[in-house]
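Here's the structure, in structure tokens; my notes come after.
As the structure lists them, so they are numbered: ligands from 1, and atoms in each ligand from 1.
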Amino acid sequence: MSSITEKDHQYVWHPFTHLKYAEVPVQIVRGEGAFFYDADGNKLLDSISSWWVNLHGHCHPYISQKVSEQLHTLEHAIFSSFTHEPAVKLAERLIGHLPKNQSKIFYSDNGSTAVEVGLKMVLQYWYNQGITKKKFIAFENAYHGDTFGGMSVGARNVFNNAFENLLFDVIHIPLPDAENIDQLKDTLQNWFTNHKHIAGFIFEPLVQGAAGMQIYEAQYLDELISICQEHKVVCIADEVMTGFGRTGEFFASNYLTNKPDIICLSKGLTGGYMPLGVTSCAQFIYDSCVSHDKTKTFFHGHSYTANSTACSAALASLDLMEKEETWTQIRLISQLNQGFVSKHQKHKALKDMRSKGTILALEINTEEHTHYLNNASESIASYFLKNGIIVRPLGNILYIIPPYCITETELKQVFEVIERFLDQL
Ligand SMILES: *Cc1c(COP(=O)(O)O)cnc(C)c1O
């Protein structure tokens with residue numbers, strides 16, 4: 001152990017970390033492109049974009065330059081009664097990329113708060129009209145963050161057992177597929193006609209991230225959104241993970257015909273540089289809070305709301321997102337993933353393998369069932385680390401979600417290590 005990892009052990013409590021059995025954390029000293037360098041001088045490929053946030057590589061010269069300029073101009077400013085150019089420009093440009101029905105941007109600090117704001121907007125929308133609707137529908141196995149609202153709409157599992165009685169009641173429905181779609185539609189129709197208290201529907205469009213990169217089809221989600229919108233049930237797309245090209249389109253909502261009323265963004269928003277959350281909404285949600293009555297104000301905010309440095313990182317990341325080279329890379333990664341899936345789908349070590357855009361997930365056969373606490377996780381991670389690749393499996397589900405700057409050669413090296421790993425199982 002180095003002095004840093006010793007002090008880390010003495011003073012730091014890490015997130016999602018088993019405090020008894022966790023290995024000594026790897027000390028990262030530098031990042032460049034798709035790589036990290038650790039304190040022992042090892043070069044490690046960050047195949048998971050540092051918890052799905054990094055888009056263009058570490059210490060990207062352009063973003064670093066823009067952030068640095070911003071730091072010498074305006075590092076942060078209170079965002080109530082005051083405004084600044086980075087937040088306004090970012091809002092304008094995001095609205096330009098989001099589905100056409102989105103018209104306002106509300107800032108917060110991370111994915112959980114972006115979701116929390118979305119849920120509160122829905123509740124405030126009904127409250128301001130004097131209508132009692134408080135119930136949400138969400139998908140089974142969903143993950144929407146670690147705050148109480150986020151946990152409530154998320155699956156009840158090991159992440160929130162200790163808080164179970166304090167979470168509000170949510171109706172969880174299975175992901176739609178060819179087999180259950182008709183029944184699901186009937187169920188929703190029935191609820192909406194007989195129980196008038198359903199306020200909103202929240203979902204991770206097309207890919208459920210933390211559930212193990214579970215992929216489902218846009219067509220069926222579209223059908224569910226359509227019924228919700230017919231009955232004025234407000235639809236929230238949690239695009240915290242799927243946003244900014246991850247699924248092969250700018251937003252996963254681009255695959256949908258029926259556009260969500262509210263969209264939550266975070267992870268890739270600043271290119272992985274700074275924490276920032278965004279909740280966008282359709283005009284009718286915003287309008288419900290425009291009133292002579294001061295009690296109808298949307299009372300939500302954070303000290304660091306719309307932090308100007310974070311907004312400048314997001315603007316720089318958007319500049320890169322708008323470049324053709326980035327989309328060439330996104331298409332290349334998506335194609336290579338697809339090729340890998342076709343080649344190895346039937347591998348005996350696998351229960352399943354799937355990909356959507358730049359996301360590739362492999363469900364490894366283990367004696368234990370597929371589960372977040374599956375013990376395979378640690379041994380998979382350490383195999384890859386020994387081979388110079390950073391992964392962080394969700395139990396026995398190994399996935400990669402690389403930064404877009406990864407080269408074809410580097411991605412193929414990752415594939416080779418995956419092949420070797422599967423063959424030795
Ligand atoms: C990561 C994630 C969140 C929570 O975001 P944080 O920034 O970690 O709070 C919410 N929803 C989805 C879909 C996510 O993947």
Side-chain angles (χ1 to χ4, degrees), residues 13-17 48-55 106-122 136-157 159-160 163 167 170 172 175 200-216 221 235-247 249 251-253 255-256 260 262-280 300 302 304-307 310 313-314 317 356-359 361 372 392-395 397 399-401:
W13 188 342
H14 287 266
F16 298 115
T17 300
I48 53 167
S49 300
S50 278
W51 254 346
W52 326 349
V53 298
N54 192 289
L55 298 185
F106 192 98
Y107 287 106
S108 65
D109 303 341
N110 56 65
S112 303
T113 55
V115 166
E116 210 71 26
V117 167
L119 298 171
K120 285 175 74 173
M121 277 178 177
V122 172
F136 284 94
I137 297 176
F139 282 129
E140 288 168 5
N141 299 315
Y143 178 73
H144 294 294
D146 291 337
T147 49
F148 270 83
M151 283 195 291
S152 294
V153 287
R156 300 292 182 273
N157 58 23
F159 283 70
N160 49 51
F163 320 108
L167 305 181
V170 168
H172 284 104
L175 282 186
F201 169 39
I202 182 165
F203 49 84
E204 295 160 88
L206 276 56
V207 187
Q208 283 188 313
M213 305 297 171
Q214 304 293 341
I215 297 165
Y216 64 106
L221 179 57
C235 293
I236 308 176
D238 176 355
E239 292 234 27
V240 168
M241 189 276 287
T242 52
F244 302 98
R246 283 304 180 194
T247 65
E249 285 281 338
F251 296 109
S253 296
Y255 290 101
L256 298 168
I262 293 176
I263 298 178
C264 311
L265 305 172
S266 184
K267 292 200 165 96
L269 175 59
T270 62
Y273 264 64
M274 327 261 311
L276 186 67
V278 149
T279 311
S280 70
H300 187 104
H302 301 276
Y304 282 94
T305 290
N307 173 262
S317 176
K356 181 81 196 168
T358 65
I359 304 164
Y372 181 75
R392 198 172 190 281
L394 296 151
I397 296 173
Y399 64 86
I400 58 167
I401 177 168

Quick one: ligand 1 N/O to protein N/O pairs below 3.5 Å?
residue, atom, partner, partner atom, Å
ligand 1, 5 (O), Ser112, N, 3.4
ligand 1, 7 (O), Gly111, N, 2.8
ligand 1, 9 (O), Asn110, OD1, 3.4
ligand 1, 9 (O), Ser112, N, 2.9
ligand 1, 9 (O), Ser112, OG, 2.6
ligand 1, 11 (N), Asp238, OD1, 3.4
ligand 1, 11 (N), Asp238, OD2, 2.7
ligand 1, 15 (O), Lys267, NZ, 2.6

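At least one donor-acceptor pair closer than 3.5 Å links the side chain of Ser49 to the backbone N or O of Ile401. Between the Ser152 side chain and the Phe148 main chain, a donor and an acceptor come within less than 3.5 Å of each other.
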Test side-chain hydrogen bond (donor to acceptor under 3.5 Å, both in side chains) applied to Thr242 and Glu239, step by step: CA-CA 5 Å; Thr242 52; Glu239 292 234 27; 2.9 Å; yes
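Applying the side-chain contact (heavy atoms from CB on, under 4.5 Å) test between Tyr107 and each of Asn307, Leu276, Val117 identifies Leu276 as the sole match.
Here the shortest heavy-atom pairing between Thr113 and Ser108 reads OG1-OG, 2.8 Å.
Within the cation-pi definition used here (under 6.0 Å to the ring centroid, within 45° of the axis), Lys356 qualifies as a partner of Tyr255.
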